[in-house]
Number of protein chains: 2
Amino acid sequence: MATKTSTTQLTETAKPGEAGQHQPRAAERILGVARNLFYREGIRAIGVDEIVRQAGVTKPSLYRSFSSKDELAATYLRNYEVEFWERFDQAVSAHPGDPRSQIRAFLTRVGHRAVQTDYRGCGMTNAAIEYPEHGHPARQVGEENKRELRRRLRAMAAEMGAEDADTLGDGLLLLLEGAYVSGQLFGPGGPAASVAENADRLISASLKAR
Amino acid sequence: MATKTSTTQLTETAKPGEAGQHQPRAAERILGVARNLFYREGIRAIGVDEIVRQAGVTKPSLYRSFSSKDELAATYLRNYEVEFWERFDQAVSAHPGDPRSQIRAFLTRVGHRAVQTDYRGCGMTNAAIEYPEHGHPARQVGEENKRELRRRLRAMAAEMGAEDADTLGDGLLLLLEGAYVSGQLFGPGGPAASVAENADRLISASLKAR
DNA sequence: TGTTCATGTTACTGACCGGTACGTTGCGGA
DNA sequence: TCCGCAACGTACCGGTCAGTAACATGAACA
């Protein structure tokens, strides 16, 4: 029914004929399409047929590179996580030695993205909600990411000199997750726009002796 | 496989022989089973066959009471929302005229539930994440609920005398949603345990002139 | 030129998806 | 006793699910 669109461009194509490395084009195109569809529609909502159709390949090509749909989803999430930490570290390195500004910079950007139309939140959080079963490959990526994120936020809270650094770090994590979820629930004009401001107020309250 | 459980009690049974209203038993059993399964496993993850099997009925019985699976899911969520407001209003009426204590009471209970094993967050939030498509019956229930919740939280923030009541109300909503999500991601010992404490600090910071 | 091997294809599987046509049962009232 | 009717079950629909067997192609290398 739908015409075959070639809009799914691969961002970085392995240059053919170099270093003898012949990265399969199919796997990258599949991953790119899966990333778009999984993020926008959800993992359970998208079948492998839809993915291979939009990628312009066929199912055996998918299953040669990924052992299962679950593994494809996990790969999508691992890539997603890499980019997440890139954004996070970008905010960190923009304000060396100033964790409060680091948090503010990161959350300002999150808050901005979260009120865009068709914002769909955090792919890892969404996947964990879609797959409540412990041990599911897709869920594990999210669980591990959130544990590490919690560790870093608590460390940053301690670096700020907060009395109860763990509580502050957890509060920042709650605000962040709330922004992810509320962003896709409310859309433009939603409460996620104020995540950075609220985080800063929470930091203020947590820094002064109570 | 599973033995036929009769745990799905109907909360309010239409007394037979009264007013000619004969509520079918099948519909209530279906709704009870659907509620359990949809909440614990997710809506997309559960097929109607599984529901009717556990309810001990057959599919036509389901489709006589519910026009579609989506409508069954929406009914489950509407019931879920009723109980949500019951819990919310319970915290409110426990501290008349004291919105700060109302918030603390509500969030204390949420924080406690959110760190239980197998906690699965807010059914409405989860459904909205499972169904990103605008206009989906299941999603609409959640969207409407969150809008009303936001309105009430902002009103309570104003009642507290916050300078920027809308920002504080939104901050409380972010913390709440974050507790829902983090609760099911981290399980026991997760950051959701501190949602009430963080909310109280945020209120403190928002009440004093900046 | 012939071999090898990764990447591509067509065509298929059994299970499950949501949903339905149609027959059966049981009960209250005439 | 029989009717009418609502509640329920049997058996089935086409479509889609994830996953696979078997074969074609094309380039690198001997």
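So you know, we letter chains A, B, ... as the sequences are listed, proteins then strands, and number each from 1.
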Starting at atom [atom1] of [X], determine the distance to atom [atom2] of [N], rounded to an integer number of angstrom.
{"X": "I30(A)", "N": "dA18(D)", "atom1": "CD1", "atom2": "C1'", "answer": "14 Å"}
{"X": "R53(A)", "N": "dT9(C)", "atom1": "CZ", "atom2": "P", "answer": "15 Å"}
{"X": "R44(A)", "N": "dG18(C)", "atom1": "CZ", "atom2": "P", "answer": "12 Å"}
{"X": "E28(B)", "N": "dC8(D)", "atom1": "CD", "atom2": "C1'", "answer": "16 Å"}
{"X": "L62(B)", "N": "dT20(C)", "atom1": "CG", "atom2": "C1'", "answer": "13 Å"}
{"X": "Y131(B)", "N": "dG18(C)", "atom1": "OH", "atom2": "C1'", "answer": "11 Å"}
{"X": "I46(B)", "N": "dG18(C)", "atom1": "CD1", "atom2": "P", "answer": "10 Å"}
{"X": "D49(B)", "N": "dT16(D)", "atom1": "CG", "atom2": "P", "answer": "17 Å"}

P60(A) or V57(B), whichever maps to the more 5' nucleotide of DNA chain D: V57(B)
Which residue lies toward the 5' end of DNA chain D, S67(A) or E50(A), if each is placed at its nearest nucleotide?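 Nearer the 5' end of the strand: E50(A).
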Is there a donor and acceptor pair closer than 3.5 Å between the side chain of K59(B) and the base of dG19(C)? yes
Would you say R35(A)'s side chain and Y76(A)'s backbone share a donor-acceptor pair under 3.5 angstrom?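 Looks like no, no N/O pair under 3.5 Å.
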Give a yes or no answer on whether the side chain of E197(A) reaches the backbone of T167(B) with a donor-acceptor pair at less than 3.5 Å.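 A pair under 3.5 Å: no.
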Check every strand shown and say whether S61(B) touches a base, only sugar-phosphate, or nothing at a heavy-atom separation below 4.0 Å.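 S61(B): backbone/sugar contact only, no base atoms under 4.0 Å.
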Describe the nucleic acid contact of L72(A) in one word from base, sugar-phosphate, nothing, applying a heavy-atom distance below 4.0 Å. nothing
Looking only at side-chain N and O atoms, does E144(B) offer a donor or acceptor that is under 3.5 Å from a partner on Q140(B)?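 No, no side-chain donor-acceptor pair sits under 3.5 Å.
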Less than 4.5 Å apart, any side-chain heavy atom of V195(A) and any of D170(B)? no
Could you pick out which residue, R64(B) or K69(B), lies toward the 5' side of DNA chain C when each is mapped onto its nearest nucleotide?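 On the 5' side of the pair lies K69(B).
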Is the phosphate of dT9(C), meaning OP1 or OP2, less than 4.0 Å from a side-chain N or O of T58(A)? yes
Report yes if at least one side-chain N or O of Y63(A) is closer than 4.0 Å to OP1 or OP2 of dG19(D); otherwise report no.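 For Y63(A), the contact criterion (side-chain N or O under 4.0 Å from OP1 or OP2 of dG19(D)) is met.
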Does the cation-pi check pass for R147(A) over F186(B), that is, NZ or CZ under 6.0 Å from the six-membered ring centre and within 45° of its axis? no
